[in-house]
Colleague: 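Dropping a structure here in structure tokens format, bear with me for questions.
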Amino acid sequence: MKFAATVSALAIASQAVAHYTFPSLVVNGVTQPAWQNVRRTNNFNHRGPVQDVKSNDIRCYTSETNAKASTATVAAGSTIGFVADTPIYHQGVLNVYMAKVPSGKTAADWDGSGTVWFKVHEISAKTDGGNTITWPTDNMGTVNFPVPKSVPSGEYLVRIEHIALHSAGSANGAQFYISCAQINVTGGGSGTPGPLVAFPGAYSGNEPGILLNIYYPIPKTYIQPGPNVWRG
Ligand SMILES: *[C@@H]1O[C@H](CO)[C@@H](O)[C@H](O)[C@H]1NC(C)=O
Ligand SMILES: [Cu+2]
């Protein structure tokens, strides 16, 4: 009995601290050092989430660090990725967005404001009409995705978000684990990425994929937050 009580106390403690960040970019198959190409986020120590979708931290979560990173060169059409410091722990879904740096700015000095972000990747929940809901991001340590082949060449911010939904049944309960990388795309095309959204602005917090109880009743379907993926 004593042993069981200790084990469950430990399980609760590890649940409380088991947050995560996405500090590393994968470029040409090589995982770069933490916070080299990714702007160091406010939560680099405590690793807690953003829960206010209307705050500026919903964009890159750098209001306290004001961090800049070094810009990685990547070819259009190639695969890049983010690596989590701890495999994704909470049940949830994932999106990756990009935003082109406006002329006159660099990825290192641009804040990503404006209606400029398009989605390039998503990993949603799997549902079957109400019997089960499963989470393909569970235990994922690396999130790979293609830089669309026809994206115009130039510098971009790349923003990953994992939306943890275990407490999403009440307002501001969903937890956003976010970071932004800086890349320079070479060999791009003449595509027109879209639809474009702003952060904050993309989410109201009331979306059926953000404000929901994932446990009971089991959702019949799941609607991924944000615009459709632009594939170039
Ligand atoms: C981005 O790539 C272009 C083309 O190779 C190069 O001219 C430019 O200097 C690069 N910029 C950065 C910040 O790496
Ligand atoms: Cu957590």
Side-chain angles (χ1 to χ4, degrees), residues 19-22 49-55 57-61 79-84 87-99 112 115-148 150-151 156-181 191-232:
H19 310 303
Y20 33 95
T21 64
F22 296 96
V50 176
Q51 293 184 242
D52 180 356
V53 298
K54 304 209 166 126
S55 72
D57 274 330
I58 200 70
R59 190 186 305 142
C60 291
Y61 205 179
T79 293
I80 62 173
F82 281 90
V83 180
I88 290 173
Y89 176 80
H90 291 302
Q91 296 161 311
V93 299
L94 186 141
N95 293 308
V96 181
Y97 292 85
M98 289 174 56
T115 305
V116 290
W117 296 90
F118 55 98
K119 195 193 278 186
V120 296
H121 187 59
E122 65 184 19
I123 305 175
S124 194
K126 287 200 156 67
T127 55
D128 57 8
N131 291 316
T132 62
I133 185 165
T134 58
W135 310 97
T137 61
D138 282 355
N139 302 312
M140 195 173 272
T142 302
V143 180
N144 289 315
F145 55 92
V147 175
S150 65
V151 83
Y156 288 79
L157 298 182
V158 188
R159 172 186 173 282
I160 188 169
E161 67 180 5
H162 187 254
I163 312 177
L165 296 169
H166 55 292
S167 308
S170 53
N172 294 333
Q175 301 183 347
F176 291 74
Y177 295 87
I178 297 166
S179 61
C180 290
T192 307
L196 299 175
V197 297
F199 289 101
Y203 306 140
S204 70
N206 297 322
E207 288 79 1
I210 294 179
L211 180 58
L212 78 164
N213 182 329
I214 61 170
Y215 300 109
Y216 188 83
I218 295 171
K220 291 186 169 66
T221 57
Y222 179 81
I223 300 172
Q224 183 77 1
N228 290 336
V229 171
W230 187 77
R231 297 181 196 279

Colleague: Does any non-hydrogen side-chain atom of Arg159 lie less than 4.5 Å from one of Cys180?
Modeller: yes
Colleague: Does either side chain, that of Gln51 or that of Asn172, offer a donor lying less than 3.5 Å from an acceptor on the other one?
Modeller: no
Colleague: What's the shortest heavy-atom distance between Val116 and Leu196, and which atoms?
Modeller: O-CD2, 3.7 Å
Colleague: Is there a side-chain contact between Tyr222 and Leu165, using heavy atoms and a 4.5 Å cut-off?
Modeller: yes
Colleague: State, to 0.1 Å, how close Ser124 and Gln224 come at their nearest heavy-atom pair, and which atoms those are.
Modeller: OG-OE1, 2.9 Å
Colleague: Rounded to the nearest 0.5 Å, what's the gap from CG on Leu94 to CZ on Phe22? Could you check?
Modeller: 6.0 Å
Colleague: Rounded to the nearest 0.5 Å, what's the gap from CD1 on Ile178 to CD1 on Ile163? Could you check?
Modeller: 8.5 Å
Colleague: Please examine the side chains of Glu122 and Val93, heavy atoms only from C-beta on, and report whether any two atoms are closer than 4.5 Å.
Modeller: no
Colleague: Side-chain donor-acceptor contacts of residues 130-145 below 3.5 Å, not counting sequence neighbours, with atom names and distances?
Modeller:
residue: Thr132; atom: OG1; partner: Asp128; partner atom: OD2; Å: 2.6
residue: Thr137; atom: OG1; partner: Gly92; partner atom: O; Å: 3.1
residue: Thr137; atom: OG1; partner: His162; partner atom: NE2; Å: 2.8

Colleague: Using the side chain to side chain donor-acceptor pair (under 3.5 Å) criterion, which residues pair with Arg59? Sequence neighbours excluded.
Modeller: none
Colleague: Considering only heavy atoms from C-beta outward, does the side chain of Val120 approach that of Val147 to under 4.5 Å?
Modeller: no
Colleague: The criterion is side chain to side chain contact (heavy atoms under 4.5 Å, CB included); which residues satisfy it with Val53, sequence neighbours excluded?
Modeller: Ile58, Phe176, Tyr203
Colleague: Nearest 0.5 Å please: distance from the CG atom of Leu211 over to the OG atom of Ser170.
Modeller: 7.5 Å
Colleague: Work out which heavy atom in Pro195 is nearest to a heavy atom in Pro227; give both atom names and the distance.
Modeller: CG-CB, 4.0 Å
Colleague: How long is the straight-line distance from CD1 of Ile160 back to SG of Cys60, given to the nearest 0.5 Å?
Modeller: 12.5 Å
Colleague: So, applying ring-ring contact (aromatic ring centres under 6.0 Å, His included) with Trp230, which one of Phe118, Tyr97, Trp117 is it?
Modeller: Phe118
Colleague: Taking all atoms of both residues into account, what is the closest heavy-atom pair of Asn95 and Pro225, and its distance?
Modeller: ND2-O, 3.5 Å
Colleague: Between Tyr177 and Ala164, what is the shortest heavy-atom contact and its length?
Modeller: CE1-CB, 3.8 Å
Colleague: Looking only at heavy atoms, which two atoms of Leu212 and Pro219 are closest? And how far apart?
Modeller: CD1-CG, 4.2 Å
Colleague: Decide whether Glu161 and Tyr61 meet the rule of one side-chain donor and one side-chain acceptor closer than 3.5 Å.
Modeller: no
